[in-house]
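What follows is a set of notes on a single structure, which appears directly below.
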There are 2 protein chains.
Amino acid sequence: MQEIELTHVDCADCPIRHRAVCARCEAPELDQLEEMKYYRSFEAGQTIAWTGDKLDFVATMVSGIATLSQTLEDGRTQMVGLLLPSDFMGRPGREVASYDVTATTEVVMCCFRRRPFEELMRSTPHIAQRLLEMTLDELDAAREWMLLLGRKTAREKIASLLAIIARRDASLTRGVPSGRMEFDLPLTREAMADYLGLTLETVSRQVSALKREGVIQLAGKRHVSVPDFDRLMLETGDDTDGGMPV
Amino acid sequence: MQEIELTHVDCADCPIRHRAVCARCEAPELDQLEEMKYYRSFEAGQTIAWTGDKLDFVATMVSGIATLSQTLEDGRTQMVGLLLPSDFMGRPGREVASYDVTATTEVVMCCFRRRPFEELMRSTPHIAQRLLEMTLDELDAAREWMLLLGRKTAREKIASLLAIIARRDASLTRGVPSGRMEFDLPLTREAMADYLGLTLETVSRQVSALKREGVIQLAGKRHVSVPDFDRLMLETGDDTDGGMPV
DNA sequence: CACCAATCTTGATCTCAATCAAGGTCCTCC
DNA sequence: GGAGGACCTTGATTGAGATCAAGATTGGTG
């Protein structure tokens, strides 16, 4: 876990901080955030924190993918969070990691030391408000995920995961997801299984089935293309009309 | 959904507002909250809001139990939240309910109209901070629940639910859970099934099994007594040492 | 290029919980 | 007290996904 040199980037160069922490880019406390931040990178497979580790920083994801997971006594593990670029990591007011945090690809994070960040939060209300909004969004995502874990079939779970990744991927670049979409799966079959509460064999079988039936196409093991996003959505079991809450 | 007359109660009489909204009881904005609040009651089985309904208030639970749940197209439903006394309901900044909210017992809520509450939140930072804390706690609970849904066996799910209710029940009255505990199950077998991602038959069978083996005793269908809380915890599959995050 | 390890696929079998079905208990209301 | 309905239990059977077990594909390395 090496630290990267402290760099100053202005707002245009730092969409992360803008999206994740600073709801109003022109706010004066930005300068303080700017001075406080530093970068860290982690390599693929590296553990960023174990449950119970002391964490002296909070951070936003700049690039790469990390996962939060929990484990039972006997080793069964369940992923409980997926950190993609612009997501926030760490809990103000808690010194200790509640989950295992693992980089699944190379990861760069924009970090803020916990103490000064918390003080800043106390003195500048809209940072707390922004964090509240983000936390509420995470809670919504967690609840959607609970519906998936509790009530969806293996096939629906796979389709849902593909749709989530495709949608998230598209939202960072293009607009509304529809028609043909392509993306790289950022997760191994095993990580997908941990996400979905399945075994890796079942994941493999269901992915093969969706491929066989033409719902998706595969180039290599990881590059997915979806000829028709709506067709994929049909497989998720979700309400067709509703879509994401705003 | 009838409104109850607007009552003034002082801080000692209103543990809910104190616990849920006002982290520091002596804060001056309390008076504003006090003036703004009103009570509503719902009868057992009544739907408080359907997904998509406009909700013009936020509220804290005073008494009773309510559930948040989500449903797939074909009717499969999963509970995604359980509201017990002192819990907060409603999302500042969102007009529309994201989940079906149902009273499972008679429920009394202490409500605040959304607009004035949001304005108060904007002007008094520590309300936002308190809400952030509560939301982060909910997120932790949701993630624990995800581990349960994704990776626990039916038996472990039942034991976990009983432990959660017992613990929560105890925390409002006595201190640390241990030894003999007694409580009433506030949920039907069907609601338990929706909580745990099981069918009601499986819930019934597993409850019977735990009873047969002496892990719990039943008086009627709903009154549970746990002769030894640690014995019950053994059945949950959780780490024995860790316990709840602080 | 050949080797090795990691990752993924596929097949055979088993198991836990779902499903289908029948009764039982308790409570309320006439 | 008896009828009706909500809620719960238990049994028999089925089925989706787990488990066990080979192999196949991929990519990196000497």
Side-chain angles (χ1 to χ4, degrees), chain A residues 43-46 72 74-78 102 104-106 148-162 184-213 216-224 235 237, chain B residues 43-46 72 74-78 102-105 148-162 184-213 216-224 235 237:
Chain A
E43 36 186 88
Q46 201 181 345
L72 294 172
D74 60 3
R76 282 172 283 171
T77 84
Q78 173 66 51
T102 312
T104 64
T105 64
E106 204 192 309
L148 175 149
L149 288 171
R151 294 302 188 196
K152 287 189 177 179
T153 64
R155 184 187 177 91
E156 289 168 336
K157 286 177 174 182
I158 298 287
S160 300
L161 176 56
L162 292 175
D184 283 310
L185 270 180
L187 301 173
T188 64
R189 298 290 185 261
E190 188 180 17
M192 291 172 69
D194 284 344
Y195 185 106
L196 300 169
L198 298 170
T199 58
L200 68 90
E201 293 96 328
T202 298
V203 170
S204 182
R205 272 185 251 274
Q206 297 297 334
V207 169
S208 298
L210 289 177
K211 177 185 170 188
R212 200 178 321 122
E213 296 168 31
I216 59 172
Q217 288 147 14
L218 289 179
K221 316 266 180 199
R222 298 289 198 87
H223 190 82
V224 180
E235 299 290 343
Chain B
E43 34 186 89
Q46 202 182 344
L72 293 172
D74 60 2
R76 283 172 283 171
T77 84
Q78 174 65 51
T102 313
T104 64
T105 64
L148 176 149
L149 289 171
R151 295 301 188 195
K152 288 189 178 180
T153 64
R155 184 186 177 94
E156 289 168 337
K157 286 177 173 182
I158 298 286
S160 300
L161 176 56
L162 293 175
D184 282 310
L185 270 180
L187 301 173
T188 64
R189 298 289 185 260
E190 189 181 16
M192 291 171 69
D194 283 345
Y195 185 105
L196 300 170
L198 298 171
T199 58
L200 68 89
E201 294 96 328
T202 298
V203 170
S204 183
R205 272 185 250 274
Q206 296 298 333
V207 170
S208 298
L210 289 176
K211 178 184 169 189
R212 200 179 320 121
E213 295 167 31
I216 60 173
Q217 288 147 14
L218 289 179
K221 317 266 180 201
R222 298 290 197 86
H223 190 82
V224 180
E235 298 290 342

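Here is the naming used below: chain letters follow the sequence lines, and residue numbers restart at 1 for every chain. Keep in mind that the numbers below use all heavy atoms, side chains included, and drop hydrogens, waters and symmetry copies.
- Helix-axis bend for the helix from C/dC1-D/dG30 to C/dC30-D/dG1: the local axis fitted to the five terminal pairs at one end deviates from that at the other end by 30°, rounded to 10°.
- By the salt bridge (charged side-chain N to carboxylate O under 4.0 Å, His left out) test, A/Glu235 pairs with A/Arg155, A/Arg231, sequence neighbours left out.
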What donor-acceptor contacts under 3.5 angstrom involve side-chain atoms of residues 194-201 of chain A, with partners at least two apart or in another chain?
from	atom 1	to	atom 2	distance (Å)
A/Asp194	OD1	B/Arg151	NH2	3.1
A/Asp194	OD2	A/Thr77	OG1	3.2
A/Thr199	OG1	A/Thr202	N	3.4
A/Thr199	OG1	A/Thr202	OG1	3.1

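- Without hydrogens or angle criteria, A/Gln46 side chain to A/Glu43 main chain gives a donor-acceptor distance under 3.5 Å.
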Return a single string for nucleotides 5-21 of chain D, one symbol per nucleotide in 5' to 3' order, where B is base contact, S is sugar-phosphate-only contact and - is none, cutoff 4.0 angstrom on heavy atoms. ---SBBBB----SSBB-
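- Taking the 5' to 3' direction, DNA chain C first and last meets chain B under 4.0 angstrom from a heavy atom at C/dA17 to C/dC20.
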Let's go through B/Lys221 and B/Leu185 carefully: what are the C-alpha distance in whole Å and the side-chain angles of both, what is the deciding distance for side-chain contact (heavy atoms from CB on, under 4.5 Å) to 0.1 Å, and is it a yes or a no? CA-CA 9 Å; B/Lys221 317 266 180 201; B/Leu185 270 180; over 6 Å; no
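- The salt bridge (charged side-chain N to carboxylate O under 4.0 Å, His left out) search around B/Arg76 returns A/Glu156, B/Asp74, not counting sequence neighbours.
- Partners of A/Gln206 by side-chain hydrogen bond (donor to acceptor under 3.5 Å, both in side chains), not counting sequence neighbours: none found.
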Report the C-alpha distance between B/Leu162 and B/Leu210 in whole Å, list the side-chain angles of each, state the deciding distance to 0.1 Å, and finish with yes or no for side-chain contact (heavy atoms from CB on, under 4.5 Å). CA-CA 11 Å; B/Leu162 293 175; B/Leu210 289 176; 4.1 Å; yes
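- Annotation: side chain to side chain contact (heavy atoms under 4.5 Å, CB included) contacts of B/Gln217 (sequence neighbours excluded): B/Arg180, B/Ser225, B/Pro227.
- A/Lys211 pairs by the side chain to side chain contact (heavy atoms under 4.5 Å, CB included) definition with A/Ile216, A/Leu218, not counting sequence neighbours.
- Contact record, B/Ser160 with B/Lys152: OG-NZ, 2.8 Å, taken as the closest heavy-atom pair.
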